[in-house]
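The structure under discussion is supplied below as structure tokens; questions concerning it will follow.
Proteins come first, then strands; the chains are lettered A, B, ... in the order of their sequence lines, and each starts at number 1.
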Amino acid sequence: MHWLNGCVNDLGGKTMAMDKTFDAKTAEPRIFAEWEKAGAFKAGANAKPGAETYCIQLPPPNVTGVLHVGHAFNHTLMDILTRWKRMQGFDVLFQPGLDHAGIATQLVVEKQMAAAGEPKRADMGRQAFLAKIWDWKKVSGGTILEQDKRIGSGMDYDRVAFTMSGADNAPDGEEGNFHDAVIKVFVQMYNDGLIYRGKRLVNWDPHFETAISDLEVENIEVDGHMWHFKYPLAGDETYTYVEKDEDGNIVLSEERDYISIATTRPETMLGDGAVAVHKDDERYAPIVGKLCEIPVGPKEQRRLIPIITDPYPDMTFGSGAVKITGAHDFNDYEVAKRGNIPMYALMDTKGAMRADGRPYAEEAAIAQRIATGEEDFDEAKIAAMNMVPEEYRGLDRFEARKRVVADITAEGLAVMVANPAADLSSPAAASTSSSGSTGGSPTTEIPGQAGDDGSDTNEPAFIPYVENKKIMQPRAERGGTVIEPALTDQWFVDTDKIVGPALDAVRDGTVKIMPESGEKVYFHWLENIEPWCISRQLWWGHQIPVWYGPPVAFLTDHLTDAPSQTFCAASESEAIEKARDYYGNEVEIGFLSDKQAAEFASNNWVTDGSGHSSSEPITKVYLRRDPDVLDTWFSSGLWPFGTLGWPDRTAELEKYFPSDVLVTGQDILFFWVARMMMMSYAIEDKEPFHTVYLHQLVRDEKGEKMSKTRGNVLDPLEIVDKYGADALRFTNAQMAALGGVLKISEDKIKGYRNFGTKLWNAFSFADHYEIPNPGDQPMPQVSQTLNKWIIGETAKVREEVDQALTDYHFNTAANALYAFTWGKVCDWYVEFSKPILQGDDESAKKETQKTLRWVLDQACIMLHPIMPFITEELWGLAETREKMGVHADWPTYTAADLVDPDADREMNWVIALIENTRSARAQVHVPAGAKVPLLVQGLDPKGQAAWDNNQTLIQRLARIESLTSVDAFPKGCVTIPMDGGTFGIPLEGLIDVQEEIARLEKSMGKLAKELGGLKGRLNNPKFVASAPEEVVAEAQENLALRENEETQLKAAIARLAELG
RNA sequence: GGGUGAUUAGCUCAGUUGGUAGAGCGCUUCCUUUACACGGAAGAUGUCGGGAGUUCGAGCCUCUCAUCACCCA
């Protein structure tokens, strides 16, 4: 054939010798190129007229990504499904694409710029920086899709979608609909009241100076410290602090003029709004409602905060009292919201202590009036207040922490404990310390202060109480910066309003999540869904289509404190229209540049430099575009229809949306799957797909996550180089048990490479026997039992594979094909066919030749979705083919039509006889090569027929010289019990009688166990009464067989016993 | 702390209306027999995590305990 070189010559269709093994390294790229040239993966390729559609959309990898084993696994599964459906004649689209991956991409490009010594992005400006990223994307973006070709992913590469395509600043060649889609969705959702702006505590990345989603934060356990400080009570109040043990015995009772607070983040004390204790905590009951003092900052302006009750504090943890810093901790945020406690933000966008605002003394005075209820407050007022004392302003948060700890300790407000390093015999150290804290052991380590006071020879008797403990620290998934919870203005999707249909769809089965456990997790998450923060303070992404302008009152009153006006519009021109409607036609509308917008101060809407007096009306206003971009998941949430041309009603959209199945990692169920569900329903009022197939992370052979730092990363491309793509793909399919843990190992891959070679050699065998290989031939009509049998087996495996793939049981499909190809075709059919192929019966020979070719073709077809390369190569060895293997017609024959029960029974009997004979021979050490005579006793007609039909091949495979029927076995005979007769190998004088008896007794032992079970059940009247008929019948049948076998074994043992 | 899952051969894992346990790899022995040593033949190994319950019958269903993993706080 023309599309595959080599292997076929012009000498009358006779094939040249095949290579010893399949040379994956050279063949695979060649074959993939041929597929692409033939357009084999184009949408609708090989579709039968009027075919149903089948669509899978690739979860878009990051544009910066390179192929790792997780992708390879994920992509293989989708490729298996789409290849399978394509061969069945469906109208298939396997839609590829890439995600612009805001933060990840920006990080990559900024790193490169830094390495090249180029100016920082802030210096180069937004447009120039974006141009840089686009340049980078052009050169290195999408490497992964090229790598995908190495593993055989059959996607429609002419349709690669990109989530930033068509953006305002996109260069030539990056046209596309995605940007329009994103903007249209935003505007639509804004107009529908599904998107709003608000102040929320978000995860703030101080390095990128952006909010990131909860899901992009990972909590890492690190060594941290828990400091214990005293918050003195206001007005010299005291109370009796009583601590009891489990039995209620008082273990400590003392007068205190403070409340002890434990914290891992002392620097946030400056922003405390309250101290909270549990309402059931008797220790603090006397002081609830009183005020205490934050023990930091200038002495004269110490703030007082209330002691409140809340369910949040854990009475058994730390001192049981918690400082509430609503602006810097998520738990505190909830407590503060519940208790209407002011949340003072202490840090700027870089994570340094704020340096803006009024002098601390003024701020503290206002805060004091708020705390005592003398002054009202609202969100904006609190946000403007800077509660950082001058001495800490501008310090990095970690530096501020050290300073705060040192200052409090110096003032004597740290909780002290006895110093274990001090001389315990001294009276001071032996006395009871004032610490009443529970949990944790004191430590001598004082971070940042070691050696400051006291010398090595003269340890202080008491030291500050600092626990060394593991704390969970939030880190940015990208970059690893310590996340700072921050109160900021962000855009949110009101998920409560759109989550309904997404939940219903799964509840009512419109969308099925596999494995089912995924549904539970999905419900749990969506039923407790939080507002989705969609703004990111990045540049690489879809800029939020919102412009701000002055309130209309500003035109006449420049000092108005009315809030600014928001215009949400799909474009600048639309924004102008909206602004005109608002300001009136006489007012000229302009836009602030990026630079101006960046420097914008909220009270200055006039930027033409002219001075305006409040009496002078303004005739031109400048709109400022929101500088933020949308969360990457906002755009990828539109993937199911965005890839198909939406908002245009393209033919592809009509055809392929909703798609069929989403195959993705369990880890992005919330990130992505849930969002696609919500967005699809919100925008198109349709489910995005009908099935979600979730799989786990691919791990190394020990089950550990692969990571560069661990050094256990397997590179799929190296595997492909070493073992071929098919081996990797087969391994992937074979591990894909629903919900299973995915552990990949090189040994496994090697094993499936060997499997490919086995298939290869089966073809090699056919060539070796000079079996014609004409190409597409109908299933042969056969009369030979052997051929009937293998055709039936083929039908069985076809059903099994189809069922398995329908159920997404890739492992079952792979294992069934493995067992069929190796265990049935190679181990038995090929061996059985040899005597016929070498024999004189021309018609049997011809029939077997045809059957063998047919069976091998079927194996190729059915293995193709999993092992496309080697099967394509083998397919192409035929003289003619109507289509390439990638488009070969998937079979539809059924076991009901093709399984011949008689042939089945006969061949299984033959196989059992050969196996039993081999086993008996091996165990009595008959040399493997030696041919032995075989005796038979009491062979029934069926057995006789089976023997007669298959005599040659039994003799060949069991190495039998002759068969003689006898009435009684001679003494010293190895016994082979079979259904329908007992066989024996006469070996008098050659066998070790004791060994043979041992062998038979072992068989008896196994039998006895089975018999016991069977008899036990059948003798139980309740079993016979309550079990289904067929189960009872099966048991009875089984019992008869086993009893027969038992009789034969007993006789054999008796014979040997005589001998011994 | 909340959630989800796992525990089956030496290892890695299958095992769906509950019918009496399998595969691959590894291991042992033998075999270079004309498709294949990336091979062939034979073989060994299980209290299906512990305990209890439902059932004629439980690896599978229920409860409980133990250990582990992952996700979210």
Side-chain angles (χ1 to χ4, degrees), chain A residues 17-18 20-22 214-215 217-219 314 317 330-331 334 472 474 515-525 528 666-667 669-670 696-697 699 701-705 723-724 727 731 734-769 807 809 811-812 814-816 818-819 822-823 826-827 830-831 833-834 838 914-915 918-923 925-929 956-959 1009-1010 1012-1014 1016-1028 1030-1032 1034-1035 1038:
Chain A
M18 289 168 64
K20 211 169 155 51
T21 56
F22 175 59
D214 297 351
L215 299 165
V217 175
E218 49 186 8
N219 288 294
D314 178 351
F317 188 81
F330 285 95
N331 289 314
E334 294 302 323
M472 296 306 282
E516 215 174 316
S517 62
E519 296 193 350
K520 288 190 203 169
V521 178
Y522 179 85
F523 290 140
H524 189 259
W525 196 69
N528 301 291
Q666 215 160 29
D667 50 332
L669 178 63
F670 311 135
Q696 299 211 0
L697 229 61
R699 298 159 188 286
E701 53 198 319
K702 296 189 196 93
E704 284 178 22
K705 273 190 192 176
Y723 300 106
T731 307
Q734 192 276 341
M735 354 185 242
L738 214 43
V741 177
L742 306 174
K743 295 183 190 172
I744 194 165
S745 75
E746 212 171 314
D747 274 348
K748 222 188 231 180
I749 297 162
K750 202 162 136 190
Y752 293 117
R753 186 272 319 264
N754 294 354
F755 172 65
T757 306
K758 189 74 180 173
L759 178 70
W760 182 264
N761 277 307
F763 276 81
S764 183
F765 162 80
D767 279 3
H768 185 84
Y769 276 69
D807 297 339
H809 292 174
N811 59 322
T812 310
N815 288 335
Y818 186 99
W822 201 316
C826 292
D827 284 351
V830 164
E831 291 305 325
S833 71
K834 284 176 184 172
Q838 291 166 329
I914 293 167
E915 279 179 341
R918 279 173 175 172
S919 176
R921 289 170 57 120
Q923 286 181 49
H925 312 301
V926 174
R956 182 188 177 111
L957 294 179
R959 301 196 81 74
K1009 213 174 147 190
E1010 276 189 78
L1014 287 165
R1017 271 195 286 165
L1018 287 165
N1019 290 340
N1020 182 342
K1022 282 186 182 167
F1023 170 69
V1024 183
S1026 25
E1030 63 268 22
V1031 172
V1032 177
E1034 195 189 320
N1038 234 328

How far, in whole Å, is A41(B) from U4(B) if one measures between their P atoms?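 Straight-line distance between the two P atoms is 47 Å.
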How long is the line joining CD of Glu519(A) and C1' of G3(B), in whole Å?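 Answer to the nearest Å: 16 Å.
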For atom NZ of Lys750(A), is the number of surrounding heavy atoms from other residues, nucleotides or ligands below 6.0 Å larger than 12?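 Not more than 12 within 6.0 Å, no.
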For Asn815(A) versus Gln734(A), what's the shortest heavy-atom pair and its separation?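 In terms of heavy atoms, the two residues are closest at OD1-CG, 3.4 Å.
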Integer angstrom distance from the C1' of G46(B) to that of A23(B):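 These two C1' atoms come out 15 Å apart once rounded.
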Name the closest nucleotide to the His768(A) side chain, picking from C56(B), A41(B), A35(B).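 Closest nucleotide to the His768(A) side chain: A35(B).
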G39(B), A37(B), A42(B): which one has an atom nearest the side-chain heavy atoms of Lys758(A)?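 Minimum distance to the Lys758(A) side chain belongs to G39(B).
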Between Tyr752(A) and Tyr723(A), is there a side-chain heavy-atom distance shorter than 4.5 Å?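 The answer is no, as the side chains (C-beta and beyond) never meet within the 4.5 Å cut-off.
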Rounded to the nearest Å, what distance is computed from the CD atom of residue Glu831(A) to the C1' atom of nucleotide A41(B)?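 Going from Glu831(A) (CD) to A41(B) (C1'), I get 11 Å.
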Using a cut-off of strictly less than 4.0 Å, decide whether Ser919(A) has a side-chain nitrogen or oxygen near OP1 or OP2 of G43(B).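 Yes, such a contact exists.
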In whole angstrom, what separates Leu1014(A)'s CG from C56(B)'s C1'?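 These atoms are roughly 14 Å apart.
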Once side chain to side chain donor-acceptor pair (under 3.5 Å) is applied, do any residues pair with Ser1026(A), and if so which ones, sequence neighbours excluded?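 Applying side chain to side chain donor-acceptor pair (under 3.5 Å) to Ser1026(A) gives none.
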When we call it a touch if two heavy atoms are under 4.0 Å apart, what does Arg918(A) touch: a base, just sugar-phosphate, or nothing?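 Contact class for Arg918(A): sugar-phosphate only.
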By side-chain contact (heavy atoms from CB on, under 4.5 Å) - contacts of Thr21(A) (at least two apart):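 Only Thr757(A) meet the side-chain contact (heavy atoms from CB on, under 4.5 Å) criterion with Thr21(A).
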Is a side-chain N or O of Thr731(A) found less than 3.5 angstrom from the main chain of Ala727(A), in a donor-acceptor match?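 Pair found, side chain donor or acceptor close to backbone of Ala727(A).
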G19(B) and G2(B), which share atom name C1', separated by this distance in whole Å: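 Each nucleotide's C1' atom is 39 Å from the other's.
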C72(B) C1' sits how many Å from Asn331(A) CG, rounded?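 Those two atoms, CG and C1', are 13 Å apart.
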If the P atom of G39(B) is compared with that of C72(B), how far apart are they to the nearest Å?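 Approximately 43 Å lies between the P atom of G39(B) and that of C72(B).
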Can a donor-acceptor pair be found, under 3.5 Å and without considering hydrogens, that links the side chain of Arg956(A) to the backbone of Glu831(A)?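 No.
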Rounded to whole angstrom, note down the C1' distance from G1(B) over to U55(B).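 Roughly 38 Å separates the two C1' atoms.
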U16(B) P sits how many Å from His809(A) NE2, rounded?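 Distance check: His809(A) NE2 to U16(B) P gives 8 Å.
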Take Leu957(A) and Arg918(A), measure what side-chain contact (heavy atoms from CB on, under 4.5 Å) needs, and give me the verdict at the end. CA-CA 9 Å; Leu957(A) 294 179; Arg918(A) 279 173 175 172; 4.0 Å; yes
What's the spacing between Asn811(A) CG and Tyr818(A) OH if we round to 0.5 Å?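 Rounded to the nearest 0.5 Å, the CG-OH separation comes to 15.0 Å.
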List every contact pair, protein side and nucleotides 44-46 of chain B side both N or O, where the distance is under 3.5 Å.
{"unit_1": "A44(B)", "atom_1": "OP1", "unit_2": "Lys1002(A)", "atom_2": "NZ", "d": "2.8"}

Ser833(A) and Tyr769(A), any side-chain heavy atoms less than 4.5 Å apart: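 When only atoms from C-beta onward are counted, Ser833(A) and Tyr769(A) do not touch, as no gap falls below 4.5 Å.
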With Arg959(A) via side chain to side chain donor-acceptor pair (under 3.5 Å) - residues at least two apart: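 By the side chain to side chain donor-acceptor pair (under 3.5 Å) rule, Arg959(A) matches no residue at all.
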Nearest to the Asp827(A) side chain among G40(B), C38(B), A35(B), which nucleotide is it?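 Nearest listed nucleotide: G40(B).
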Report which part of the nucleic acid Gln838(A) touches: base, sugar-phosphate, or nothing (heavy-atom distance under 4.0 Å, all strands).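 Nothing, no nucleic acid heavy atom in range.
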If we take the C1' atom in both C68(B) and C31(B), what is their distance in whole Å?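 Those two atoms are separated by 44 Å.
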Which class fits the ring pair Phe22(A) and Trp760(A): parallel under 30°, tilted 30 to 60°, perpendicular over 60°?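 If you compare the ring of Phe22(A) with that of Trp760(A), the planes turn out tilted.
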Expressed as a whole number of angstroms, how long is the span from Arg921(A):CZ to C31(B):P?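 Nearest whole value for this atom pair: 13 Å.
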Mapping Phe755(A) and Arg956(A) to their closest nucleotides on RNA chain B, which lands nearer the 5' end?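 Nearest nucleotide further toward 5': that of Arg956(A).
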Identify which nucleotide among U16(B), G19(B), A35(B) has an atom closest to any side-chain atom of Ala1027(A), counting heavy atoms from C-beta outward.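 For Ala1027(A), the side-chain atoms sit closest to G19(B).
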Under-3.5 Å N/O pairs linking protein and nucleotides 20-30 of chain B:
{"unit_1": "U20(B)", "atom_1": "O4", "unit_2": "Arg1017(A)", "atom_2": "NE", "d": "3.1"}

With both pairing distances under 3.5 angstrom for Watson-Crick or G-U wobble, and | for a partner in another strand, the correct string for RNA chain B is (((((((..((((.....[..)))).(((((.......))))).....(((((..]....)))))))))))).
Go through C38(B), A35(B), A14(B) for me and flag the one nearest to the Thr757(A) side chain.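 Of the options given, the side chain of Thr757(A) lies nearest C38(B).
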If you measure from the C1' atom in C38(B) to the same atom in U32(B), how many Å do you get, rounded?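 Result for the C1' pair: 15 Å, nearest Å.
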Interatomic distance at C1', U47(B) relative to G59(B), whole Å: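 U47(B) and G59(B) have their C1' atoms separated by 13 Å.
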Starting at CG of Asp807(A) and ending at C1' of A14(B), how long is that distance when rounded to a whole Å?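 After rounding, the gap between these two atoms is 15 Å.
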Quickly work out the Lys834(A) NZ to C36(B) C1' distance and round it to whole Å.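 Atom-to-atom, Lys834(A) to C36(B), this comes out as 9 Å.
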What I'd like to find out is whether the side chain of Lys758(A) reaches to under 4.5 Å of the side chain of Asn754(A), using heavy atoms alone.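 In short, these two side chains do not touch, never coming nearer than 4.5 Å.
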5' precedence on RNA chain B between Thr21(A) and Ser1026(A) (nearest-nucleotide basis):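 Its nearest nucleotide lies further toward 5', so the answer is Thr21(A).
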Would you please confirm or rule out a distance under 4.0 Å between OP1 or OP2 of A35(B) and any side-chain N or O of Lys20(A)?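 Answer is no, no contact under 4.0 Å.
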Which part of the nucleic acid does Val830(A) contact within heavy-atom distance under 4.0 Å: base, sugar-phosphate only, or nothing?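 It contacts base atoms.
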